[in-house]
**Q** 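Okay, here's the structure, questions in a sec.
Values below: all heavy atoms of this structure, side chains included; hydrogens, waters and symmetry mates excluded.
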Amino acid sequence: MENSKTLQEKYKKAKKRVVRIKGFYKHLTAYLIINTVIICLKTYFMDFVEIKGVGDENFLNWLDWNIISTPLLWGIGLLIHGICVFRFKFGFVQKWEERQIRKYMENDSSTYDEFK
């Protein structure tokens, strides 16, 4: 009986980890696809803007900054996501998780039935 509970706990923990890793890879895939499209569109759009003779320097600077900042800021978010998924947890996240686990463990067993 004890071994089956341990195996169930290990299974749940492993499944949760796999789901988190899968989520990270989906995030990475979206990042790569969308930013590739943005960079390709930038090349086309900038050529179009220059051909049409839009001479507003502020607009061109704004456009360049937005096209550069999107992958940069999203990349920082992706990096933080990867750090959290692959167990390089920040102290406050780990402490929060431990508090939540203790809180749910202190509740009665009917609470656990909801998660099965």
Side-chain angles (χ1 to χ4, degrees):
M1 189 65 141
E2 195 71 29
N3 284 339
S4 65
K5 284 186 179 182
T6 305
L7 287 175
Q8 284 179 339
E9 289 172 7
K10 285 182 179 180
Y11 174 79
K12 286 180 182 180
K13 194 172 185 179
K15 185 175 180 180
K16 181 180 174 183
R17 180 150 168 81
V18 168
V19 167
R20 291 180 67 179
I21 291 171
K22 185 178 174 183
F24 172 76
Y25 285 129
K26 285 181 181 180
H27 189 182
L28 178 63
T29 302
Y31 173 82
L32 293 173
I33 291 170
I34 291 173
N35 285 304
T36 300
V37 169
I38 287 173
I39 290 170
C40 290
L41 286 176
K42 175 201 183 275
T43 304
Y44 171 76
F45 187 70
M46 290 303 284
D47 289 342
F48 177 77
V49 167
E50 289 173 0
I51 289 171
K52 292 294 182 181
V54 175
D56 186 5
E57 187 71 26
N58 290 331
F59 174 74
L60 295 175
N61 288 338
W62 175 84
L63 187 62
D64 276 341
W65 169 248
N66 280 305
I67 290 173
I68 292 169
S69 67
T70 299
L72 180 69
L73 296 175
W74 190 355
I76 291 169
L78 183 65
L79 177 67
I80 292 169
H81 186 183
I83 288 170
C84 290
V85 166
F86 292 106
R87 298 289 181 196
F88 300 107
K89 291 189 178 183
F90 302 107
F92 66 91
V93 173
Q94 192 168 7
K95 288 177 185 176
W96 177 83
E97 285 181 353
E98 289 171 2
R99 281 195 315 266
Q100 293 301 314
I101 290 169
R102 272 190 251 119
K103 180 176 108 178
Y104 286 119
M105 288 176 70
E106 290 171 359
N107 288 342
D108 63 357
S109 63
S110 65
T111 304
Y112 296 115
D113 295 335
E114 296 173 11
F115 296 112
K116 290 182 183 178

**Q** In Å and rounded to the nearest 0.5 Å, what is the NZ to NZ distance from Lys15 to Lys22?
**A** 10.0 Å
**Q** For residues 66-73, run the donor-acceptor check on the side chains, cut-off 3.5 Å, and write out each pair with its distance to 0.1 Å, sequence neighbours left out.
**A**
{"residue": "Asn66", "atom": "ND2", "partner": "Trp62", "partner atom": "O", "Å": "3.0"}
{"residue": "Ser69", "atom": "OG", "partner": "Trp65", "partner atom": "O", "Å": "3.0"}
{"residue": "Ser69", "atom": "OG", "partner": "Asn66", "partner atom": "O", "Å": "3.4"}
{"residue": "Thr70", "atom": "OG1", "partner": "Asn66", "partner atom": "O", "Å": "2.9"}

**Q** Identify, with sequence neighbours excluded, every residue that meets side-chain hydrogen bond (donor to acceptor under 3.5 Å, both in side chains) alongside His81.
**A** His27
**Q** In this structure, which one of Thr36, Ile34, Leu41 forms a side chain to side chain contact (heavy atoms under 4.5 Å, CB included) with Ile38?
**A** Ile34
**Q** Holding to side chain to side chain contact (heavy atoms under 4.5 Å, CB included), I want the full list of residues that pass it with Ile21, two or more places apart in sequence or in another chain.
**A** Arg17, Tyr25, Val85, Phe86
